[in-house]
Amino acid sequence: MPRDRFPVSIEGRDLELSNLDKVMYPSAGFTKGEVIDYYTRVAPVLLPHLRDRAVTRIRYPNGVGEAHFFEKNKPGGTPSWVRLETLPVPGSTKSRETIDFVVVDELATLVWLANLAAIELHTPQWRIGAHPDLLVVDLDPGAPAALKECCAVAVLMRDRLAADGISAYPKTSGKKGMQLCCPISGAQSSEVVSSYAKKVAEELAKMVPGSITARMARQLRPGKIFIDWSQNNAAKTTVTPYSLRAGSSPTASTPLTWDEVIAMATGEMPSWQCGASETLERVERHGDLLAGILDRGPAVPL
């Protein structure tokens, strides 16, 4: 066996790890071994958010500064023990087009993907065989607006959703903005959920037109927060909680408390995107701040 390959056994699953010293984040010197270590340590809180959801991976074989590709289908050499689900491609115009999606239900599968340099993990708002059980609000800042302004809009969105009995849980995107994850019934179609999200986004944009837009045109976004209601389309995925992001440094999509969101919005504390080590420290301190989204919530109002 080559010296850069290491056989491991994880919960009875046999796999090989390779090139652990390869640098994935050149600016930070963060290696593939550290990516695998992060995903192994965050797995207890990450796996429940991956379970029963078809995962899209963004792979960076030579690190975040080099070419990358999106991967939905099972990769070549997929171990026989990896769970696969053959599903239609959401939004496809070809009625018979299907993909063998990978489903990450166990630690060994997560480590196997990390070893393939699947740095980012993205999941849909629905579990396999079900309607959406999450409503996702993506808050995307147009410069010079940034995460601080996203936090202010997040509080407005939280209060508006609460008026309809819907709870919102905040997390950073790991890049520029943030998302609100809202548990819903899983009994309504993505069209119903997306239509409701659009209606609420348009209400807030009308209320604060100088700071918020619900329209996708990029020329309307500078200095505003775009409330991307389209994330609830059946063909869309959102970065999974605790997933790493491919930037200059290893940040993660990290859950926040509402106290932190309010403090960032008011400037009482600086706004930040969490690094991998800080995210692990927060898990040690808080547990999973998004545990509440794993239980189904109410139906969205029609």
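Starting from 1, each residue takes its place in the sequence as its number. Hydrogens, waters and symmetry mates play no part in the numbers below; they use all other heavy atoms, side chains included.
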With [X] via side-chain hydrogen bond (donor to acceptor under 3.5 Å, both in side chains) - residues at least two apart:
{"X": "T123", "answer": "T240"}
{"X": "D100", "answer": "T86"}
{"X": "E278", "answer": "none"}
{"X": "T213", "answer": "none"}

Donor-acceptor pair, [X] side chain versus [Y] backbone, under 3.5 Å?
{"X": "N115", "Y": "E16", "value": "yes"}
{"X": "Q188", "Y": "P301", "value": "no"}
{"X": "S195", "Y": "V192", "value": "no"}
{"X": "R282", "Y": "P255", "value": "yes"}
{"X": "Y39", "Y": "L107", "value": "no"}
{"X": "W258", "Y": "A168", "value": "yes"}
{"X": "T109", "Y": "D105", "value": "no"}
{"X": "W229", "Y": "A214", "value": "yes"}
{"X": "T40", "Y": "Y38", "value": "no"}
{"X": "D140", "Y": "I225", "value": "no"}

Are [X] and [Y] linked by a side-chain donor-acceptor pair shorter than 3.5 Å?
{"X": "D259", "Y": "T257", "result": "no"}
{"X": "S253", "Y": "S243", "result": "no"}
{"X": "K22", "Y": "T31", "result": "no"}
{"X": "Y196", "Y": "D164", "result": "yes"}
{"X": "Q179", "Y": "D138", "result": "yes"}

Note: D228-K198 ion pair, threshold 4.0 Å (strictly below) =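 No, no charged N to carboxylate O under 4.0 Å.
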To the nearest 0.5 Å, tell me how far [X] [atom1] sits from [Y] [atom2].
{"X": "M178", "Y": "T172", "atom1": "CE", "atom2": "OG1", "value": "8.0 Å"}
{"X": "W81", "Y": "I10", "atom1": "CH2", "atom2": "CD1", "value": "7.0 Å"}
{"X": "L139", "Y": "S173", "atom1": "CG", "atom2": "OG", "value": "9.5 Å"}
{"X": "N233", "Y": "E191", "atom1": "CG", "atom2": "CD", "value": "7.5 Å"}
{"X": "L134", "Y": "T238", "atom1": "CG", "atom2": "OG1", "value": "8.5 Å"}
{"X": "I212", "Y": "R221", "atom1": "CD1", "atom2": "CZ", "value": "14.0 Å"}

Determine the minimum heavy-atom distance between [X] and [Y], stating which atoms define it.
{"X": "A234", "Y": "W126", "answer": "O-NE1, 3.5 Å"}
{"X": "L256", "Y": "M264", "answer": "CD2-CE, 4.1 Å"}
{"X": "P141", "Y": "G177", "answer": "CD-CA, 3.8 Å"}
{"X": "A54", "Y": "P124", "answer": "O-CD, 3.0 Å"}
{"X": "S248", "Y": "S27", "answer": "O-CB, 3.5 Å"}
{"X": "I166", "Y": "C182", "answer": "CG2-CB, 3.6 Å"}

Do [X] and [Y] come within less than 4.5 Å of each other through their side chains, counting heavy atoms only?
{"X": "F101", "Y": "V55", "answer": "no"}
{"X": "I36", "Y": "L17", "answer": "yes"}
{"X": "L116", "Y": "P75", "answer": "yes"}

Please identify each residue that fulfils salt bridge (Lys or Arg N to Asp or Glu O under 4.0 Å) with [X], with sequence neighbours left out.
{"X": "E85", "result": "R83"}
{"X": "K224", "result": "none"}
{"X": "K175", "result": "E120"}
{"X": "R296", "result": "none"}

Pairs involving residues 142-159, ordered by first then second residue, that meet side chain to side chain donor-acceptor pair (under 3.5 Å) (sequence neighbours left out) =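 Sorted result for residues 142-159: empty, none.
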Group every Ile, Leu, Val, Met, Phe, Trp and Tyr by side-chain heavy-atom contacts under 4.5 Å, then state whether [X] and [Y] land in the same group.
{"X": "V193", "Y": "I293", "answer": "no"}
{"X": "L110", "Y": "V102", "answer": "yes"}
{"X": "V35", "Y": "V239", "answer": "no"}
{"X": "V111", "Y": "Y242", "answer": "yes"}
{"X": "I262", "Y": "L289", "answer": "no"}

Sequence neighbours left out, cut at 3.5 Å: what donor-acceptor pairs do the side chains of residues 41-51 make with other protein atoms?
{"from": "R41", "atom 1": "NH1", "to": "D37", "atom 2": "OD2", "distance (Å)": "3.4"}
{"from": "H49", "atom 1": "NE2", "to": "D288", "atom 2": "OD2", "distance (Å)": "2.8"}

ask   = Taking only residues at least two apart or on different chains, which pairs with a member in residues 55-80 satisfy salt bridge (Lys or Arg N to Asp or Glu O under 4.0 Å)?
value =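 Every salt bridge (Lys or Arg N to Asp or Glu O under 4.0 Å) pair that includes a residue of residues 55-80, provided the two are not neighbours, is R57-E71, R59-E71.
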Under 3.5 Å, which donor-acceptor pairs link side chains of residues 201-210 to any protein atom two or more places apart or in another chain?
{"from": "E203", "atom 1": "OE1", "to": "R160", "atom 2": "NE", "distance (Å)": "2.6"}
{"from": "E203", "atom 1": "OE1", "to": "R160", "atom 2": "NH2", "distance (Å)": "3.4"}
{"from": "E203", "atom 1": "OE2", "to": "R160", "atom 2": "NH2", "distance (Å)": "3.3"}

ask   = Parallel under 30°, tilted from 30 to 60°, perpendicular over 60°: which one fits the rings of F70 and H122?
value =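 Ring orientation of F70 relative to H122: tilted.
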